[in-house]
Amino acid sequence: MHFIDLEAQYNHLKERIDTRIHAVLQHGKYIMGPEVFELEERLADYVGVKHCITCANGTDALTLSMMALGIEDGDAVFCPTFTFFATAETIAFANATPVFVDSDEKTFNICPIDLELRIKETISRGDLKPKAIIAVDLFGLPANYPEIERIAEKYNLKLIEDAAQGFGGSINGRKAGSFGDIATTSFFPAKPLGCYGDGGAIFTDNDEYAEQLRSLRVHGQGSDKYNNIRIGVNSRLDTIQAAILLEKLKEFPIELDNRNRAALNYSQILPKSLVLPELPHGYTSSWAQYTVKTEQREKIIEEFRAKNIPVMVYYATCMHAQPAFHYLNYSANDFPVANKLSKEVCSLPMHGYLK
Ligand SMILES: *Cc1c(COP(=O)(O)O)cnc(C)c1O
């Protein structure tokens, strides 16, 4: 049994994907070919925003967003401690300071109550300028945006939605990728919508950010290729990856239905001793992971593996405990909920072809 069955997906889409790849090989526009722009239109339509800007990966999508928002040395950026490293890494990479926030016990997402406490704490300490929040749609469930948007507005902070895992989820019909000032996603093969290599995208309704992001991803390009108006990076989505994603995106709603069906089946057959994920009212998940909670994680993992069912742990180490962030001097008891989650969660197989 596979944890994520990319082979089954390829077998299902083989003809369509192969045809698309061959079309790119025929026209030869490997960088910023027509498929890239076609995909950006389709993605913006799907998410329901004005602009989609693709880039090389989900980490770059965050870095580019922070460049567009002008996040710099001396700024505090709030993010959950229970997330994938890239969320926090890109804050430090922008020379800003990550301020970690504890998790909500039920959703595993950033806790709005703790978020407001840490913002107030940072303001009263006075050494950093509170600038932005990065909320993460962990395991596919959108963060509590109604609350987080209210807090961002109250303290005049920018909001980035890290929807690397969230693509496909929604709150009251509003899709992941449409929250905050800027949202980002990843097309890493194992994400809900993945390509066959690295890929990422940025979503925004803001024309000014979109224009900057289109320039930043190509060396700060101005009116033409050899006119550079700002310091940027080289972060483009390969045309071949865009071609693959166009076919995968067409199939995505069907795969998402299958993921939801698999999640429903899990909720009916798994033992009651496991704490199963629950969707808050009005929320849907992309089920990037189906993550359960148990105080007997090692035992459960062994039992499942004995039945040839792969189980993974995302994430055994919170950001505040990562060696790379020791310089921030957090202690383990600063984040009681996240710490407990890191010891108790594990994820079961989940993909659009699960039987
Ligand atoms: C995967 C992931 C990223 C980074 O995406 P890459 O495409 O691997 O660079 C960022 N944030 C979260 C929450 C992720 O899961």
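These numbers come from the heavy atoms of this one structure, side chains and all, not from hydrogens, waters or symmetry mates. Order of appearance sets the numbers: ligands from 1, and atoms from 1 within every ligand.
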Report task. Verify the neighbour count for atom CD of E15: are there more than 12 heavy atoms of other residues, nucleotides or ligands below 6.0 Å? Result -> no

Query - For atom 9 (O) of ligand 1, the protein heavy atom that lies nearest, with its residue and separation - result: T59 OG1, 2.5 Å

Query - Ligand-side contact atoms (ligand 1) for residue partner N57, heavy atom cut-off under 4.0 Å - result: 7 (O), 9 (O)

**Report entry** Check: G58 N/O within less than 3.5 Å of ligand 1 N/O
**Finding:** yes

Report summary line: Per-atom filter on ligand 1: closer than 4.0 angstrom to a heavy atom of A164 are 2 (C), 3 (C), 10 (C), 11 (N), 12 (C), 14 (C), 15 (O)

Report task. Tell me, yes or no, whether the heavy-atom count around N227 atom CG, taken from other residues, nucleotides or ligands under 6.0 Å, exceeds 12. Result -> yes

Report task. Quick one: pull up CZ in F167 and CZ in F252 and give me the separation to the nearest 0.5 Å. Result -> 5.5 Å

Query raised in the report: Has the side chain of S65 got a donor or acceptor atom that lies under 3.5 Å from a matching backbone atom of A183?
Result: no

Requested in this report: Starting at CG of L279, measure out to NZ of K106 and round the result to the nearest 0.5 Å.
Outcome: 13.0 Å

Report task. Please check if atom NE2 in H281 has more than 12 non-hydrogen atoms from other residues, nucleotides or ligands closer than 6.0 Å. Result -> no

Query - Sub-4.0 Å atoms of ligand 1 with respect to non-hydrogen atoms of S186 - result: 5 (O), 6 (P), 7 (O)

Query raised in the report: Atoms of ligand 1 less than 4.0 Å from Q165 heavy atoms?
Result: 13 (C), 14 (C), 15 (O)

Query raised in the report: Which ligand 1 atoms does A86 reach within 4.0 Å, using its non-hydrogen atoms?
Result: 4 (C), 10 (C)

Query - F139 six-ring face occupied by K293 cation (under 6.0 Å, within 45°) - result: no

Query raised in the report: For ligand 1, which atoms, with element, lie under 4.0 Å from some heavy atom of T87?
Result: 11 (N), 13 (C)

Query raised in the report: Short list, please: which atoms of ligand 1 are under 4.0 Å from a heavy atom of V136?
Result: 13 (C)

Query raised in the report: Is any side-chain N of the basic residue among R174 and E161 closer than 4.0 Å to the acidic one's carboxylate O?
Result: no

**Report entry** For atom 11 (N) of ligand 1, the option (of T184, D162, D60) bearing the nearest heavy atom
**Finding:** D162

Query raised in the report: When you measure from atom 2 (C) of ligand 1 to every protein heavy atom, which one gives the shortest distance, and what is it?
Result: K191 NZ, 2.6 Å

